[in-house]
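First the proteins, then the strands, lettered A, B, ... as listed; each starts at 1.
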Amino acid sequence: MISVEEFAKQADAWFAEHTPREVPFMMPLTFMEVGTDEQFDFLRDWQNKVHAAGFLGAHWPEAYGGGGLTQAHQDVATRAMRKNGAPIMLNAIGIGWAGPLILDTGSEDEKRRYLPGILSADDIWCQGFSEPDNGSDLGNAQLKAVKDGDEYVLNGSKIWTTQGNYAKYMILLARTNMDAPNKYAGLSFFLSPMRIPGVETTKIRKLTGEFGFTQTFFTDARISADCLMGEEGEGWKVAMRTLEYERGARKGEAGGYTISQTNPLEVVDLAKRAIRNGKPALEDPVMRDRLVTQMIEAQAMMANRERAKIAPLVSENPFALPVLSKLQFTEYARVTGELALELEGAQSGYYVGERASREDGYWQRSYLNAFSATIGGGTSQIQRNIIGERVLGLPKTK
Amino acid sequence: MISVEEFAKQADAWFAEHTPREVPFMMPLTFMEVGTDEQFDFLRDWQNKVHAAGFLGAHWPEAYGGGGLTQAHQDVATRAMRKNGAPIMLNAIGIGWAGPLILDTGSEDEKRRYLPGILSADDIWCQGFSEPDNGSDLGNAQLKAVKDGDEYVLNGSKIWTTQGNYAKYMILLARTNMDAPNKYAGLSFFLSPMRIPGVETTKIRKLTGEFGFTQTFFTDARISADCLMGEEGEGWKVAMRTLEYERGARKGEAGGYTISQTNPLEVVDLAKRAIRNGKPALEDPVMRDRLVTQMIEAQAMMANRERAKIAPLVSENPFALPVLSKLQFTEYARVTGELALELEGAQSGYYVGERASREDGYWQRSYLNAFSATIGGGTSQIQRNIIGERVLGLPKTK
Amino acid sequence: MTQHLAKIALTDMQAELRDQAMRFCADKSPIAKVRSLLTDDHGFDAAVWAEMAALGWLGIAIPEDYEGLGLELADLVPVVEAMGKHLMHSPFVSTTLAAQAILAGGSDAQTALWLPKLASGTVATVALFEPTGAWDLNAVEGQTKTFVMDLDASELIVTTVKFEGQTRLALIPRDRITARRETIIDEMKRSYTFEVPDVTESDLMPAKDAVTALERIELVANLLQAAELSGAAMACIDYTVDYLKTRKQFGKVIGAFQALKHPTVDAFVDAEGARSLLYAAATHCEKQGEGEIAVRMANAKAEGALSFAADRSIQFHGGFGFTYDCDAQLYRRKAMFAASQFGDAAFHRARLAELLL
Amino acid sequence: MTQHLAKIALTDMQAELRDQAMRFCADKSPIAKVRSLLTDDHGFDAAVWAEMAALGWLGIAIPEDYEGLGLELADLVPVVEAMGKHLMHSPFVSTTLAAQAILAGGSDAQTALWLPKLASGTVATVALFEPTGAWDLNAVEGQTKTFVMDLDASELIVTTVKFEGQTRLALIPRDRITARRETIIDEMKRSYTFEVPDVTESDLMPAKDAVTALERIELVANLLQAAELSGAAMACIDYTVDYLKTRKQFGKVIGAFQALKHPTVDAFVDAEGARSLLYAAATHCEKQGEGEIAVRMANAKAEGALSFAADRSIQFHGGFGFTYDCDAQLYRRKAMFAASQFGDAAFHRARLAELLL
């Protein structure tokens, strides 16, 4: 087996050579921002190329399209991607959620059928947990799956399906038992095909004006009973297990990254260039004060990540820092977006597509997009409940 | 009867002549800030003098110590007090709560017995609604009043009794029925004497280090059954009626003012004199920005008061402005206190009693005292519930 | 010190105009209409514009000598507040700014020629901003103008120019201009950029009145922006409250959660303050010096109120809030764009500090 | 740019000191003791001070040549953090500042005379501030010093003086000074004012090192203040959370109300960030230039975190929060006083802007 060091060198060289520069469209920073066919096709090709070169799924078995190496090999390849500023991996749900789940708990047949297409991005996966009426309350999912012989008949709707319009498969949380003792016990988990009669997707337009999500409607859609993952009624357990892969609490991700790490201090670069009221924004002491406030906050987030690694400094509550980071980072991004608008002064009135705008309206769009993170994956309000209850031990809000 | 105009002139002249200037102690701005015997004695004398001159209770019947004039007469006298910057009226609970209630619903005997002493400040009244375990939840009052022949036997404790150590009487909310259908129905209202066996008061020290409140303990204290106001079980109704006098929703206050209206823009005067980091605070653009933010807020509060008088501009919701003013003003005062500390720079480290401090630590004390208003009379959190539920029609938080 | 600027006087006429405008805008600008106009070239309905003209609204602050109603600036406020509340865009503000500029700084001939037209519904606009980003209207440096609202629908553009070293105001007919539409964050509005053509003395307003006219434009623009934003803030809160009253999560109507209820209350308190400051500004706007104080306070507060209300509205609508279909984005974008024009709240506070401290 | 300043290194010694100090302070400074010391003349227990000296804490950052432990500034941080957490006042910080001043700027003779004494528990302090309110330690104008901590318990005062037109540092024995105690907002601390007596060259540290020594004092003071405030912030939140978990109103434990829970979470997130910045500052404080950045960030954040946590703690304790008996006021006053010394958060941000932008 090739040594990790050697593999790292190869990866670095490969990404240095092949990472595309100067793309004629705005490069999505997260898989949720893929809004046009142009972006989708480009990123699908890119993932395919990375996989073919051996730098995605390097630690997955060769029989399933992987490289047969170790987690350490994949980790250095992922680091090489970041270091070279490579585009994100497109097939995020496949790589981070469905893939690890199948690899971990799937049958041999399921592994052979699904895993290679995940890595090559030939088979795009999407996620069907949220529903229009149960945005924050996943356990209350109401999409019905009724067994009928060898099939389940699906009726209902899922929302916030990223790349739903491109996906071949969906990991689906559905209700198989209306009379279960509690809402969780009635749920089952499916690997459901998307391109079958009775499944339709509608694109959802984001507040930025762009696309990226879909709503998926199921109308008497029939899927094979084989699509069930785990047992009937175990859906909640399987879904929670799946979320743990994504959160890194269980190993198994195919590697690469699906959300480009943004530099929390990029606003400083803007500040150095921005013109406010005809003068450099940094000449304004009020803007300087607000900017430094954000810089301290950014520094605190980075220092939190470092402190989390040092056991004696987190001994009072080892989980506190990981649990609070989502709230802290997403709210930081939103507030920073607001500050950026102020720094830009008059130019903040332009928007994406305006040639007079600064960086094609990057910050205006960035502020609006920030809500995807303060809302998605548990709103900031729910995060505060979680921190208050699980970390501080305060009583549950009912 | 003397004309209102003439009475106004007399009042103005009297207060111009008699309003004490240059007092050798910090003049309390509210009746809750009376913390020393020196302050108490001074203010009791002052109220007595104002009453004797005919400018307090001018509209109450002569038989009860009043002036036998009209509400309009008292209103001009009160305005004259303010205009001349006269000290506050001390006997706040008597003037604003107990007095109007007795005048409105008391028996002839009660009126003759209680009202004159309220006006002259010979009989100080206090209020016994809050309990240590039920600060925000008045309806849950647990102090027991058990009927025993011609008497009630009181056991329990009341807290935040302003001037409890000086008071002769207390308006008391007590539980006479433990088995009532709901918590409110078990309450009764008493005009209870304070200087009887079994009633003891302990001074409460405020976070400023000063005094002003007491806790009152009742241990088998016996009061005459005559002290009951209204019927048994009507205590909540009577208490709510009492609160309405204070909030001005019902007329009846004996006049004068018990809380000196502070000028929300006084922080501007501080800012003009304050030295921060060795330089005038107003040279610092960040301080200027924060100060102007507060000035706009102060202006908004004043404009709200003006708009409240103009029907077409409050037609959507006539109660909104009065209901939100408590939250707005008290939070403004707290935030302004914080800003004042920043404006004072190093000097904010001194405290009341330090000769090197600015105005004897006025702003440090003022910031700490601001919590009496963001907590007392319904915390800011409860105010937000009230506005959300009664004005915006949002569902109740349970 | 500023207490007397908090006094509010509302004339019967203003109360009446307010009722009329609220009814009119509610009727003519339901949300479906607002949305359909997002992709319209001009962003407004010419038929509705004609109705406004027929109601005399375009002449409100134009003297009777020029066929206007001869009312005051204050009388514009309830009308624009209603437009803000119902997200109704039209060239009302652009045309009003042009008219006020001419009234303050035009020659007799210019005034006599244009004011009657504008009072009766001819569309006009003002071109004041340059790519330098300066909010100071006297800082004219080049030929390129940006953020010129409603230019394509206008017959006349009142623009600043540098003429023989002096900042002047010129009246340029639309047909002398080639414009490009700009993409701006507020999709209800229409913004254009153009190169100011060479002008001659005959295009210009008299030199002596340029400063006065620019001050007038800035005052009126800030007053009307406060009105628009204040109206929008109340509507945004109503929209949010409606959702909080009906949406259920975890088996509970979400408005019962204090995490949503309390910030919504804070937004409401802000918005009520903004409205009061708006009417105080309307009352005092004509006062020398103090008018500017009252107007900048109202505008700064209104911008903050709408920004906060709309930011929270997006958040509290959850997933739906992140969609284009949720109206919260319309309100948020409106606040963002307003902040970019004539100075944002921080800019107004800096000016107020100079005026007050 | 500043990312590398977020790295944290914690030595085994620091981890051990932290454990030791947390145990010691918990043991020696229960809240009843803290309260009883509020009215004590010196505000600390001499016996406990002797124990600290015996543990070697006073010598932590003093070289072994002078009978110290020869550790680093970073090793002071866990000790002061523990003191902050348990509201334990002593002249530890005053004495440390005096020692660091002498180490950075004293003559060989001064160093040899005083450092061994200070390392073994002799109390000393620094006198840096004047009634002008300037936080700039070089701005020495008069003879009056204010905010001199623990003076009455000190044998030595290191004070700034103006000497022949230059800012210098002088070492003055206690017995040459007449002091008056000042009333300050933090009742756990002891502050004094005095008139600097006439000094001669023999009282002074060498002129060439004055600037270095003052920079050193400022850096150490800000680092230790960050440690104290950060420790206090965590304790304040624990104190608040305990109340929110037990107090009932309306038949419900009040911590279940989001109106109290969510701001408490925000305070906690702030305080965790402050702690991380504190340890990052400890790691990098000795780096030329960058040390100041890391230290000012930590101090600004810690002051903000404690101020917010304590303000909310008063509020969320309701009526009890308004009493002297509630510990929330102790925390709030600590933050208020800290802000008045060596610059508040806004001051640090202004300095950071100069350093970073």
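- C:Arg349 does not touch chain A: none of its heavy atoms, backbone or side chain, sits under 4.5 Å away.
- Considering only heavy-atom pairs separated by less than 4.5 Å from chain C, the leading option among A:Arg355, A:Glu338, A:Gln347 is A:Arg355.
- Counting heavy-atom neighbours within 6.0 Å of A:Glu200 CD, excluding the residue itself, gives a total of 12 or less.
- Around atom NZ of A:Lys144, no more than 12 heavy atoms belonging to other residues, nucleotides or ligands sit under 6.0 Å away.
- Put simply, the side chain of C:Asp311 reaches to within 4.5 Å of the side chain of A:Tyr367, judged on heavy atoms.
- Comparing C:Arg332, C:Glu187, C:Glu130 by how many heavy-atom pairs each has under 4.5 Å with chain A, the most go to C:Arg332.
- Most heavy-atom pairs under 4.5 Å with chain A, from the set C:Ile185, C:Leu260, C:Thr132, C:Asp186: that is C:Ile185.
- The closest side-chain heavy-atom distance from C:Met336 to A:Leu341 is below 4.5 Å.
- Residue contact with chain C, scored on non-hydrogen atoms closer than 4.5 Å, involves the side chain of A:Thr397 exclusively.
- In this structure, a donor-acceptor pair under 3.5 Å is absent between the side chains of C:Gln315 and A:Thr379.
- Taking 4.5 Å as the heavy-atom cut-off, none of the residues of residues 383-390 of chain A approach chain C.
- For the set C:Phe342, C:Phe147, C:Phe320, the entry with the most heavy-atom pairs within less than 4.5 Å of chain A is C:Phe147.
- Side-chain contact between C:Asp344 and A:Arg276 is present, with at least one heavy-atom pair separated by less than 4.5 Å.
- Scored by the side chain to side chain contact (heavy atoms under 4.5 Å, CB included) test, A:Glu210 finds A:Lys206, A:Thr208, A:Arg365, A:Asn369 as partners (sequence neighbours excluded).
- Per-residue heavy-atom pair counts under 4.5 Å with chain A were compared for C:Phe257, C:Phe322, C:Phe337, and the maximum is reached by C:Phe322.
- No part of C:Ala339 comes within reach of chain A, as not one of its non-hydrogen atoms sits under 4.5 angstrom from that chain.
- Annotation: maximal heavy-atom pairing with chain C below 4.5 Å, among A:Gln364, A:Lys279, A:Glu344, A:Arg334, occurs at A:Arg334.
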Q: Kindly indicate, with the supporting measurements, whether the criterion side-chain contact (heavy atoms from CB on, under 4.5 Å) is fulfilled by A:Ile382 and C:Phe250.
A: CA-CA 12 Å; A:Ile382 286 179; C:Phe250 304 104; 4.1 Å; yes

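- With respect to the salt-bridge test (charged N to carboxylate O, under 4.0 angstrom), the residues C:Lys248 and A:Asp133 do not qualify.
- Within 6.0 Å of NZ on A:Lys396 lie no more than 12 heavy atoms contributed by other residues, nucleotides or ligands.
- Of the possible donor and acceptor atoms, one in the side chain of A:Asn277 sits under 3.5 Å from a partner among the backbone N and O of C:Trp135.
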Q.
Under the criterion side-chain contact (heavy atoms from CB on, under 4.5 Å), I'd like the reasoning laid out for C:Thr323 against A:Arg205: C-alpha separation, chi angles, the key distance, then a yes or no.
A. CA-CA 6 Å; C:Thr323 68; A:Arg205 198 170 175 196; over 6 Å; no

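- How far CD1 of C:Ile314 is from OG1 of A:Thr374: 8.5 Å, rounded to the nearest 0.5 Å.
- Heavy-atom pairs under 4.5 Å with chain A were tallied for C:Arg181, C:Glu182, C:Arg180; the largest tally goes to C:Arg180.
- Both the backbone and the side chain of A:Leu368 come within contact range of chain C, each with at least one heavy atom under 4.5 Å from a heavy atom of that chain.
- For C:Ser340 and A:Tyr350, the side-chain atoms include no donor-acceptor pair closer than 3.5 Å.
- For C:Arg333 and A:Tyr351, the positive end sits near the middle of the six-membered ring, less than 6.0 Å away and at most 45° from its axis.
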